[in-house]
Amino acid sequence: MSATSPIYISASQGWSSLAALFQQAPSSAPTSIFSPAGTPAHSAFTLSMLVLSITLAIFLVVAGLLLYVLLRYRHRSSAMLSVQEPAQIYGSNQIELSWTVIPALIAVVLFLATARVIFSTESAPKPVNALDVTVIGHQFWWEYRYPKLGVVTANELHVPVSGPSGAGQSIPTYLTMSSADTDHSFWVPRLAGKTDLIPNKVNTMWIDPQAPGLYLGQCAQYCGTQHAKMLLRVYADTPAEFAAWIARQQKPAAEDQTAAEGRAVFQHNACINCHTVAGTVATGRFGPDLTHVASRDTIASGAVPNTAANIRAFVNNPAYFKPGALMPPMHLNDHDLDAVTTYLTTLK
Amino acid sequence: MATQTPTQAVLDKTAQSKPRRLWLDTVHEWLTTVDHKKIGQMYIGYALVFLLVAGLEALLMRIQLAIPNNTFVSPQVFNRLFTMHGTTMVFFVGMPILFGFGNYLIPLMIGARDMAFPRLNAFSFWISAFGGILLYFSYLGGDGLYGAGSAPDVGWFAYAPLTARVFSPGHSTDYWTLSLLLSGIGTIGTALNIVATTICMRCPGMKLNKMPLLVWLYLVTSLMVFVAVSPLTAAQIMLLLDRYLGSHFFDTQAGGSALLWMHFFWIFGHPEVYILVLPAFGFASEIIPVFSRKAIFGYPAMVAATIGIGFISLSVWAHHMFTVGLGAWGNTFFTFATMIISVPTGIKIFNWLATLWGGRIHLVVPMLFAVGFLFQFLIAGLTGIMLSAAPFDWQLGNSYFVVAHFHYVLVGAILFMIFAASYYWYPKMTGRMMSEKLGKWHFWLFLIGFHLTFDFMHIPGILGMPRRIYTYEADRGWMILNMIVSSGAVFQTIGSLIFVYNLIRSYFNGEIAGPDPWDAWTLEWTTTSPPPVYNFATTPSVESRRPLWDLKHPEDPDSSYE
């Protein structure tokens, strides 16, 4: 899963050996910033190779000199007072000027290269076919809204896979981000650098995954007790898969008759104060939208796989998987717990 | 060259008498003292205690993170641990230990009998000490009425709105706020004292351009304290108003701004890094020349670079905020400012290198730590350049790479120089040498531990591991690296304990040092070890930056070159 665009391959050729260390199969390093799979991550990667090569060169020169000086001028006798002190040299304007001017020139070159990448990422014009998604950070889960498509979901972001940027078939996804409570940060290393979600402020970023698949990440700004398990999952779907996913998510919640009892328990308890199940009385906004919760691979913001047993354990006591989660333990009896679990698993 | 008052004349030959006293008298003397040397030592001792406490907190965190999904501590406890570790290390270890050395050394180095305002000095120490105690009292008092809290758990930069009462009930955040407020008052008091002492109390002949570099670095640090600590104090007061009097500066639920807190905090927080590192540069600028047996190379450039760092460091704060949505122009400006600060910093490294060049390098323990400092500060500077490139920082910011970078500065550079300074000036403070053998054990264990921990800590950041998580997923490929990082903590712990043992043992059994054990050149080495209360029997007068060199080499004094 290395670079798909030839530009990036040529730019990082000299570094392939070092980069290979980090560009292992994504299965062993699924969140490495050195195996980029989207344009913003690629440009950061290319820049990082330039910065790394310059800093490595500086390191080799200065550390080499330092090592040489230590070996060459080390005094081996233990006596502190030597008969003859070495020649005292108080400075040299020419030499000092050279090690002021040369680093300054290096800094300017690096700055110009960096400024280019800053503008190419942050001031990229938004294509007309871009997909819009609103991301809202919550303690400790992600809300995703597709305003033009009428879809609301949580924790698992689906976006269409995008062609190489500028090739005409790119469908980038533009994320409009804010927070419902504390500061969060959206970081999926293989797709892009992070952008913070700050209450009372709207930030934007864009991603364009170049290959279908699942991209992992997690919240990167300390947001409270359970910051660690505020995990991110971005699914890059082929256009057909994406269209099918959207069509499924646009439907109201499934009304499975076998789960009528569980639905009644759900609707007669506090569940509906915080959760929405579209087309029912449940319209709460404080917790994740559960309309299609059974279509997701994980629950609790990626903390555990979406199985009936895990759902049951989570509803019974959310702190079992996520200490500090804001959902209270529901104190249902075993019968009701089973019924609700059945109901939730039917919400495909 | 005319020597009106030969430095020899100020060598105090008075015999030191040691009257037998009740221990209560001793305690009373330390509690009420206004002597800069005693206050300096209390600052250092107090900081060492907190160094052990905050080090223990780090050790607990490393045990928790050694393996994924560990349950050694709960998330609540872990969040308190990193908050207390960061807050303690910056405000109650770094600041007091550096001010301790400053307090002790500055009057001795400029030939003064005390600081300009001795009682302000004592006040500053005690108020800072009270701040640190208050912070730890939160473990008992933080519960408040709600039973929520205990110690602060909002992180050492306590971003809004996590500190709002709705997200942080109880009193833990109040303890954090008040302890920083108090220590800030102490910090400003001591900075004021250092500036006044340096400007007004130098001995005859010691013009500004004849001051030891250490004094210059403390002068610039103290001036930076005025600019940096004031916004922090203001922000703490605003936070208290938000929490208790219904204002909405940072209360985002009522239209306040989370960004405002970040600006306030980092306009303090970034200069703060330089406030901590400049004194370490000062130690290096005294220790490296003495053990290379050469004058510092390019004294004027070193002073100019220090002042340059002081100014530029006030315009780099938002490089902590590259991901908050400052916009392309904002990010570009702060990238530029941050990259350009590497120039004066580079000058310093090159000048130390040139000081070593052609010298006769004695690798005794203080110099070993100084050499470690040079290598590590070089690497810390280079990873700093990586982080200054905003798009690279969008990836690395708030990851373990950043944690590794700033620990390279704070431990690899600052703590190494604090160790160097301890070994170097301990003979002056106690009259006895520290054990060289134990010192070497301390150095090598700590060096190995440091590199195991902080070299390997960069890589999980590159592999996507964010900071401040109490546990991590097993499938991310971070486990082996975290194991190595945690194993380094064990070496550092053992090294630190050897250091503490060496401090105590040498006080009773160390070799007698005499006034000038290192054959050094600055004024503190003209007086006895430990110096008498009045420092110098008569006010010395100097003609060059190295008065003792002039004395020891009357045929070839510095004063004929400067």
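In what follows, every heavy atom counts, from backbone to side chain, and hydrogens, waters and symmetry copies are set aside. In what follows, chains are A, B, ... by sequence order, proteins preceding strands, each numbered from 1.
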Closest approach of [X] to [Y] (non-hydrogen atoms, all atoms of both residues):
X	Y	answer
B:A389	A:T114	CA-CG2, 3.6 Å
A:K201	B:L259	CE-CD2, 3.4 Å
A:T31	B:L463	OG1-O, 2.6 Å
A:V117	B:P391	CG1-CG, 3.5 Å
B:S292	A:P86	O-CG, 3.9 Å

Region of [X] in contact with chain B, defined by heavy-atom distances below 4.5 Å:
X	value
A:A220	both
A:L66	both
A:S92	both
A:S48	both
A:A180	backbone
A:I198	side chain

Between [options], who has the most heavy-atom pairs with chain A when the cutoff is under 4.5 Å?
options	result
B:G325, B:A328, B:G461	B:A328
B:A354, B:A160, B:G155	B:A160
B:P289, B:G327, B:S168	B:G327
B:I347, B:T355, B:L396	B:I347
B:G358, B:A301, B:S342, B:P460	B:G358
B:G397, B:A390, B:P344	B:G397

Using heavy-atom distances under 4.5 Å, tell me whether [X] contacts chain A through its side chain, its backbone, both, or neither.
X	result
B:V371	side chain
B:M479	neither
B:M465	backbone
B:D516	neither
B:F167	side chain
B:W478	side chain

Any side-chain heavy-atom pair of [X] and [Y] under 4.5 Å:
X	Y	value
A:V69	B:I361	yes
A:L67	B:F375	yes
A:K229	B:Y472	no
A:D196	B:M321	no
A:L216	B:R476	yes
B:L363	A:R74	yes
A:N200	B:Q253	no
A:D183	B:P161	yes

Distance from A:S185 atom OG to B:W394 atom CH2, nearest 0.5 Å?
12.5 Å
Under the criterion side-chain contact (heavy atoms from CB on, under 4.5 Å), I'd like the reasoning laid out for B:Y159 against A:C223: C-alpha separation, chi angles, the key distance, then a yes or no.
CA-CA 9 Å; B:Y159 271 3; A:C223 55; over 6 Å; no
Given the options [options], which has more heavy-atom pairs under 4.5 Å with chain B than any of the others?
options	value
A:T195, A:I106, A:L70	A:L70
A:I95, A:I102, A:I89, A:N93	A:I89
A:H227, A:M205, A:E122, A:M177	A:E122
A:D181, A:L65, A:I58	A:D181
A:Q221, A:M230, A:Q88	A:Q88
A:A192, A:G324, A:G302	A:A192

Check: residues 334-341 of chain B side-chain donor-acceptor pairs under 3.5 Å, at least two apart:
unit_1	atom_1	unit_2	atom_2	d
B:T335	OG1	B:N331	O	2.8
B:T335	OG1	B:S388	O	3.3
B:T338	OG1	B:H319	ND1	2.9
B:T338	OG1	B:F334	O	2.5

Quick one: list whatever passes side chain to side chain donor-acceptor pair (under 3.5 Å) with B:D558, sequence neighbours left out.
A:Y90, B:R546
Between A:I118 and B:T332, does the side-chain contact (heavy atoms from CB on, under 4.5 Å) criterion hold? Intermediate values first, please.
CA-CA 7 Å; A:I118 294 177; B:T332 307; 3.9 Å; yes
side-chain contact (heavy atoms from CB on, under 4.5 Å) between B:F401 and A:I33: does it pass, once the steps are laid out?
CA-CA 11 Å; B:F401 189 92; A:I33 67 168; over 6 Å; no
Ignoring hydrogens and geometry beyond distance, is a side-chain donor-acceptor pair present between B:Q395 and A:W187 at under 3.5 Å?
yes
Steps toward side chain to side chain donor-acceptor pair (under 3.5 Å) verdict (B:Y470, A:Q226):
CA-CA 8 Å; B:Y470 73 94; A:Q226 196 37 270; 3.0 Å; yes
Give the ring-plane orientation class for A:W99 versus B:F350, where under 30° counts as parallel, over 60° as perpendicular and anything between as tilted.
parallel
For A:Y222 and B:F157, what are the C-alpha separation, side-chain angles and deciding distance, and is it a side-chain contact (heavy atoms from CB on, under 4.5 Å)?
CA-CA 10 Å; A:Y222 177 62; B:F157 43 80; over 6 Å; no
Salt bridge present between B:K552 and A:E85 (N-O < 4.0 angstrom):
no
